[in-house]
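I am attaching a structure below and will ask some questions about it afterwards.
Chain naming here is simple, since letters A, B, ... match the order of the sequence lines and numbering starts at 1 in each. Predicted model, so just to flag it, every value in this text is computed and none were measured.
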Protein chains: 2
Amino acid sequence: MTAEIVAVGTELLLGDIVDTNSAELGRVLAEFGVTHLHRQTVGDNWKRLAEALKAALSRSDIVFTIGGLGPTQDDVTRDGIAAALRDQLIHDPTIEDGIRAKLESRRVPWVESQARQAMRPASAETLDNPNGTAPGLICRKDGKVVVALPGPRLEFVPMLRGPVSEYLRSVSDGVIHSRTVKIVGMGESIVEHKLADLMRGEDPTVAPYAKTGEVHVRVTSRAASKEEAEEKVAPVVEQIKSRLGEVVYGYDDDTLESAVLAALRARSETLAVAESCSGGGLGERITSVPGSSDVFLGGVISYSNALKVSMLGVSERTIAEHGAVSEQCAREMAEGVVKKTGADWGVSVTGVAGPDGGTVEKPVGLVYTAVSGPNGTTVDRNVFPGNREAVRERSEKWALLQLRRKVYEGS
Amino acid sequence: MTAEIVAVGTELLLGDIVDTNSAELGRVLAEFGVTHLHRQTVGDNWKRLAEALKAALSRSDIVFTIGGLGPTQDDVTRDGIAAALRDQLIHDPTIEDGIRAKLESRRVPWVESQARQAMRPASAETLDNPNGTAPGLICRKDGKVVVALPGPRLEFVPMLRGPVSEYLRSVSDGVIHSRTVKIVGMGESIVEHKLADLMRGEDPTVAPYAKTGEVHVRVTSRAASKEEAEEKVAPVVEQIKSRLGEVVYGYDDDTLESAVLAALRARSETLAVAESCSGGGLGERITSVPGSSDVFLGGVISYSNALKVSMLGVSERTIAEHGAVSEQCAREMAEGVVKKTGADWGVSVTGVAGPDGGTVEKPVGLVYTAVSGPNGTTVDRNVFPGNREAVRERSEKWALLQLRRKVYEGS
């Protein structure tokens, strides 16, 4: 089975948007063992889209379009698909009813242009889009299939995990099964070195991917049934875990934050944060995990020095003598938030995220993270590479890594 | 003049890499007023690359390839270009000398496979690549041009800013100038309705793009000089601003958070946050703006009810009678953080982000946001659509929108 992606949107060609959706869909196609040899990107022009779709349909079994399903005149994907398939474009009252109901529940008034979203090629069935107004479409005509998906990421990703994966499961021959082993605190080249023999294997395949501050190793096998593939993957995953040890923090959908929360939950312990340069990002990361409220109490965003003193009890002398970006300040922040919140564990972050504010002694990227827990407080010092966003992300991940290490030491 | 990009790399199709290079090149093409209607992505296969190049050359004046210039067997771009142009592939001793010199200076030994990088189509001239071994290529044959650029970002971006921009300047006729008007708090279809006549215009063009919780409208013109294009764009931008009013929060690189910070900075006022369901995300968003520390003091992540009481002074009775997700609680959180931090403005967020915790009375997506400032406190109630991530993102944007509204009312 072969598939091809046609991404639609002038903003993609102009470079206003980086096309992460096509990459996500590419990963899902690979998971289902669907061969995927071409991708095209066209602007908001139905004729060029129709030409691109015809080229794609001439060489692929399934063509996915991404984007162009909105209500505006620029949203031409429905028109392009109908033209390429020589299909009629019809108004579907059921789609319109669904859109009206969604808008009503959000108290958004109906505008006549919305009716555009209720049009579909006659051959199309709809794919449910719980996070947006326009449904996806799956059009089957003359042995060819075109699947139309919405462009906004918050609509696209859930549809990919839901109805699109379901559809691919139903049509793909055999299954690809893969598990991802997630590693933090060990570089890619060391991971590769330790797994060199496994990486030479052909079934399952073992491949490392470097992420910001993490390494993910994907173990993949293809077989007639899921069970058969799992039997080949499981022992290799075990091997990797036993070779790498505690730097393996989880698998598949686990995140560093969900792994840390699970470890604390198992011990019935609670957590609070004290954030300076991360500005709330560590709390945001922790609370991105559903159900985090049984472990995470909250904390303080002590962005100004005054709040470090008044809300966390950092001593004025510490700030005067060592500055806010210092081992001492990080320590007092973590200990202070434990005292103020009554949490078992306190984690703090203070650093120079840049682009300004760096000095020779305290360069951009210098970050202190501290963990205060039942066995005392430890402070780590790092100088992280990258821009403001990267420094903040690495700081948050490091703080979680450090917390995880302390929690395991304490157990 | 028309151009087209052919991105080369199996890792792009598999989704292991997101194609930021094509987006960067797209932006540069737009800057130089080069029309850019198609993009293709193919894997590391010279036959499919040659087919893609032929299709591209049949409709575009210049074709850019990105990637596939390295020394390995997977690097087939040179072969694909030669095939598409019916050109010979020759060994260029000057290129080889250059590569040898670069390797020597980095003390990397010469390996015979490196010789692959010294091959080029006979019609090619080289483009200097100061950050890598293989040079870029510019091949001119039968009135067509193919420009080959390396894929690694650290090589690609400097070449884009250097020799590629120089080349485009020499061949492009005129420039494209565009400005983006950024809107929050008004849906895409209403924006479109209000700008319908402008959107039918051809010079400048006016096109809306929906983002999560925002709409961006781009106004674009093409002219012989930048000044001439600006003269056409500016009055239309003014028109849009005057028709849409205060929902226009900024232009171009402005973000909602940078616009709010700028407004507060101009008034020498300070800001603090009190976050429940957003868990720190509002603070993270505000502090993503460099230099936010002169306005933003910090705040409290009051994820647990106990912290709402102990750190923000929310009354226990409010929580017992109305719950933490209530108008009263949002109000007391915002007023409490003003009192505790001494900020001029306090913003609070409390809601049900889901996926669990929803009830008939308080469904998933129900969020109260409050703004407390010099003229009192207002609370907004929304039921946001989407998953946990979407509800949180929309809550944060709404809180900023509400703050912005209050700041302007107060002025």
Quiz item: Within the distance-only criterion (no hydrogens, no angle test), does the side chain of Gln40(A) pair as donor or acceptor with the backbone N or O of Ala52(A) below 3.5 angstrom?
Solution: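 Judged by distance alone, yes, a pair lies under 3.5 Å.
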Quiz item: Would you find a donor on one side and an acceptor on the other, under 3.5 Å apart, between the side chain of Ser302(B) and the backbone of Leu307(B)?
Solution: no
Quiz item: By a 4.5 Å heavy-atom criterion (distance strictly below it), what part of Val28(B) contacts chain A: side chain, backbone, both, or neither?
Solution: neither
Practice problem: Give the member of Thr10(B), Thr270(B), Asp16(B), Asp356(B) that has the highest number of heavy-atom pairs under 4.5 Å with chain A. | Solution: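 Maximum pair count with chain A is reached by Asp16(B).
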Quiz item: Any idea which of Gly43(B), Pro290(B), Gly386(B) has the most non-hydrogen atom pairs under 4.5 angstrom with chain A?
Solution: Pro290(B)
Practice problem: Could you give me the CA-CA distance, side-chain angles and deciding distance for Glu257(A) and Glu396(A), then say whether side chain to side chain contact (heavy atoms under 4.5 Å, CB included) is met? | Solution: CA-CA 10 Å; Glu257(A) 40 275 19; Glu396(A) 292 157 22; over 6 Å; no
Self-check item: Positive for side-chain contact (heavy atoms from CB on, under 4.5 Å) with Met199(B), one of Val191(B), Val206(B), Thr205(B)
Solution: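 Looking at Val191(B), Val206(B), Thr205(B), the match for Met199(B) under the side-chain contact (heavy atoms from CB on, under 4.5 Å) is Val206(B).
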Quiz prompt | Asn387(B), part contacting chain A, at a heavy-atom distance under 4.5 Å | solution = both
Quiz prompt | Proximity breakdown for Val289(B) and chain A, heavy-atom pairs closer than 4.5 Å | solution =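 Contact with chain A involves the backbone of Val289(B) alone.
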Self-check item: Check: Asn382(B) side chain, Phe384(B) main-chain N or O, donor-acceptor pair, under 3.5 Å
Solution: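 No.
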Quiz prompt | Which atoms of Leu13(B) approach chain A - backbone, side chain, both or neither, heavy atom under 4.5 Å | solution =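 It is both, since atoms from each part get that close.
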Practice problem: Pick one of side chain, backbone, both or neither for Thr20(B), based on which atoms fall under 4.5 Å of a heavy atom in chain A. | Solution: both
Exercise. Measure Tyr209(B) against the heavy atoms of chain A and call it side chain, backbone, both or neither at under 4.5 Å.
Key: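 Side chain only.
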Quiz item: Quick one: what part of Ser293(B) sits under 4.5 Å from any heavy atom of chain A, side chain, backbone, both or neither?
Solution: both
Self-check item: Atom group of Glu275(B) that falls short of 4.5 Å from chain A, counting heavy atoms
Solution: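 For Glu275(B), the contact with chain A is made by the side chain alone.
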Exercise. Using non-hydrogen atoms and a 4.5 Å limit, figure out which bit of Ser292(B) sits close to chain A: side chain, backbone, both or neither.
Key: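 When you check distances to chain A, atoms from both the backbone and side chain of Ser292(B) fall under 4.5 Å.
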Practice problem: Please report the C-alpha distance between Thr287(A) and Phe296(A) in whole Å, then the side-chain angles of each, then the deciding distance to 0.1 Å, and finally whether the side chain to side chain contact (heavy atoms under 4.5 Å, CB included) criterion is met. | Solution: CA-CA 8 Å; Thr287(A) 57; Phe296(A) 183 66; 3.4 Å; yes
Quiz item: Take atom NZ in Lys54(B); do more than 12 heavy atoms of anything else shown fall under 6.0 Å from it?
Solution: yes
Quiz item: Where on Ile5(B) is there a heavy atom nearer than 4.5 Å to chain A: the side chain, the backbone, both, or neither?
Solution: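 Neither part.
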Quiz prompt | Pairs of heavy atoms under 4.5 Å with chain A: top-ranked of Ser310(B), Ala390(B), Pro355(B), Ser288(B) | solution = Ser288(B)
Quiz item: Is there a donor-acceptor pair under 3.5 Å between the side chain of Lys340(B) and the backbone N or O of Leu312(B)?
Solution: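 Side chain of Lys340(B) to backbone of Leu312(B): no pair is present.
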